[in-house]
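The block underneath contains the structure these notes are about, expressed in structure tokens.
A, B, ... follow the sequence lines: proteins, then strands. Residue 1 opens every chain. Reckoned from all heavy atoms, side chains included, excluding hydrogens, waters and symmetry mates.
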2 protein chains.
Amino acid sequence: MATIYDVAEKAGVSVGTVSRYLNGSGYVGRKSADRIAAAIEELGYSPNRNARSLTTKRSGMIGFVVSDLANPFTAEIARGVQDTADEFGYCALIYNTDGNAHRELRALNTLREHQVDGIIITPPEIPEGNAFLAELIAQGIPVVLLGRDMEPLVTDFVSTDTYLGAVIAVDHLLELGHNRIACICARNAAFSRRRGYMDALTQAGLDVDERLIVETELTRQGGVDAMTQLLKLEDPPSAVFAVNDVTALGAMHHAIRRGVSIPGDISFVGFDDIVLAEYAQPALTSVAQPKLQLGRTAFELLHTRLETSDPIEPRRVILPCELVRRESTAVARTVTSRLQRSSSDE
Amino acid sequence: MATIYDVAEKAGVSVGTVSRYLNGSGYVGRKSADRIAAAIEELGYSPNRNARSLTTKRSGMIGFVVSDLANPFTAEIARGVQDTADEFGYCALIYNTDGNAHRELRALNTLREHQVDGIIITPPEIPEGNAFLAELIAQGIPVVLLGRDMEPLVTDFVSTDTYLGAVIAVDHLLELGHNRIACICARNAAFSRRRGYMDALTQAGLDVDERLIVETELTRQGGVDAMTQLLKLEDPPSAVFAVNDVTALGAMHHAIRRGVSIPGDISFVGFDDIVLAEYAQPALTSVAQPKLQLGRTAFELLHTRLETSDPIEPRRVILPCELVRRESTAVARTVTSRLQRSSSDE
DNA sequence: CTGAAAGCGCTTACAG
DNA sequence: CTGAAAGCGCTTACAG
């Protein structure tokens, strides 16, 4: 394959001039430029970025480390990262770790060997991983954390405000006139979503009815179990907020099987906005995380570090969730009848 | 950052010896080895692969070009590619093109500049892309085509046998005793699936009833439309094969709304095995493409080219589909009653 | 078993 | 505006 020397020779100039032409650094005479362009064309010359990186100390590549690329949520983030990197002229080296400490360490190490200019990583639970990341940061390789905070690490961090997402979801139900709103949640996870639920109620001046908060597995079956329990109540809820979609779907389908009309009798809101939410019958109203935006932001954060060697204070970006309204939520029954009455009054 | 020179100096040997130690090429004395190991440890030395690639002409990176990484189907393939590449000590540079000719060309070009050792690409419809790929192949960069054949290109190719997948689906219905099997298909796509349907029937000695073949849009609504038409028949089918899941789901849900019991009255089989199939009510039996395997195979094909410079005849690997049996298919009614009769005879 | 030296393809001051 | 030369970090024959 042709090198910069071949081009220089064919154009009758020195390699330095060709290099300047290629990089737009320093002046190149009109005539030389034309001849270089012609030579490049003729030889089908393609510069070798690896060789270039040897002197510039910049590879133009970033690493993106995830635990499961096949997860649709991750895949969409990856797309956001890649698209944005591409816009800025960077390549993304993507690594899948399966949440395996060994693989993650190897990924990080290989990424360094390939001289990536920076790394975006979705959180591993792995202490060794964190230690290695700290080492990379110390060596001056910028790192951006995506999705979850990693305690001992001080660097940029981007994630989603799930607390506010829950508040938005419950507010939506409140606005529809619901005042008996149940929450299906987990014992050990998604606390901020649960907290959002409670705060939204309190904020609205409503008491939190402990019987309406059901802890369960965050699975389809967990949703079924929780709904079974809620339907046994003497005064069942008129709306249900579940901290994730799969659970919401399980609950909703169980209610349907029990003859409950949705959203006529009970409204449902889920969280995450997985594809299933859109295709459910009825389509499930859900809180969406801005996945693409998450990826974009992560790269942008990294990019400002890539472009400067000045120390930058660690930044934290928390993106808002968005409520996607579908068919599973409607005005509360009591309100409906009140509306009907008032309209018949006219 | 420490270089091989720093290591050599600290260990009191020459860089050549350190290099040999690092690569396991040529002998290194026991004593030297120990001291080199210690020096590497002490300095936290990490070799620079880009520098290495300058002499070896091998970057240890491959490129993977897709049109939409956020598509779950693609994401899973990507995972298969990355996992396998990792196993063999390669890194994957992933590029998203959105099916945009401009972006694809830039991706391919950048990949070459980064000196990837090979490229796996999911088919673009783009002539310019094909021309560029041909150029890369001519330059000795191995290319593997994944998912669809690209006419003018002669290189390795891996995909799925959707024709046989359709045959398997229909055979499954035949085995359950169905003989009036409808096919919901498209006018201009997925021909091999439709052909599989017809051949399976013919093979079983059944006539193809044209009224049972409904052309429609391959969308949820298309499925609804097709099902509406099928239910109007005086002698409706006892089973439906749809050439993709979304359509199958639309058809199935419409049938349910019309009071049809599934799989009691009608069995349904879809194609692609998307997540929705698993979570549908009832869960949809579907033909799955081996996505991970597709990615694995693509890399393996590439790998044999990576490891040799000998010319290799272009190979084509067609992976079989797999039937995932769920709740939407059951023994045909007539057969059921026959079975009941025979059992009451005893 | 090991060292000295050339070379991989590029960029970057430094002169001119 | 341009060329000569050194250097980036590594590997690879070649001697010894």
Sugar-phosphate, base or nothing in reach of A/Y21, heavy atoms under 4.0 Å: nothing
Candidates D/dT11, C/dC8, D/dT2 - which lies nearest the side chain of A/T17: D/dT2
Touch class at under 4.0 angstrom, heavy-atom based, for A/G16 against every strand present: base
Position toward the 5' end of DNA chain C (nearest nucleotide), A/R20 or B/A33: B/A33
Rounded distance in Å - CG (B/L22) to P (D/dG9): 15 Å
B/S14 vs B/L54, nearer the 5' end of DNA chain C by closest nucleotide: B/S14
Length of the CG-P vector between A/N48 and D/dG9, whole Å: 16 Å
Touch class at under 4.0 angstrom, heavy-atom based, for A/S32 against every strand present: sugar-phosphate
Among C/dC10, D/dT11, D/dT2, the one nearest A/V28 by side-chain distance: D/dT2
Sugar-phosphate only, base, or nothing, as touched by A/T3 at under 4.0 Å among non-hydrogen atoms: sugar-phosphate
Separation of atom CD1 in B/I4 from atom P in D/dG7, rounded to whole Å: 18 Å
Atom-to-atom span, CG of A/D6 to P of C/dG9 - whole angstrom: 8 Å
Derivation and outcome, ring pair (Phe, Tyr, Trp, His ring centres under 6.0 Å), residues B/Y95 and B/F64: CA-CA 6 Å; B/Y95 255 98; B/F64 182 47; over 10 Å; no
Sugar-phosphate, base or nothing in reach of B/N23, heavy atoms under 4.0 Å: sugar-phosphate
Whole-Å distance separating the CG atom of B/D34 from the C1' atom of C/dC1: 15 Å
A/T56 side chain, from C-beta outward: closest of D/dT11, C/dC10, C/dT12: C/dT12
Separation of C/dC8 P from B/R58 CZ (nearest whole Å): 18 Å
For DNA chain D, stems built from three or more consecutive Watson-Crick or G-U wobble pairs below 3.5 Å: C:1-3 with D:14-16, C:5-12 with D:5-12, C:14-16 with D:1-3
Residues A/R52 and A/N23: side-chain donor-acceptor under 3.5 angstrom: yes
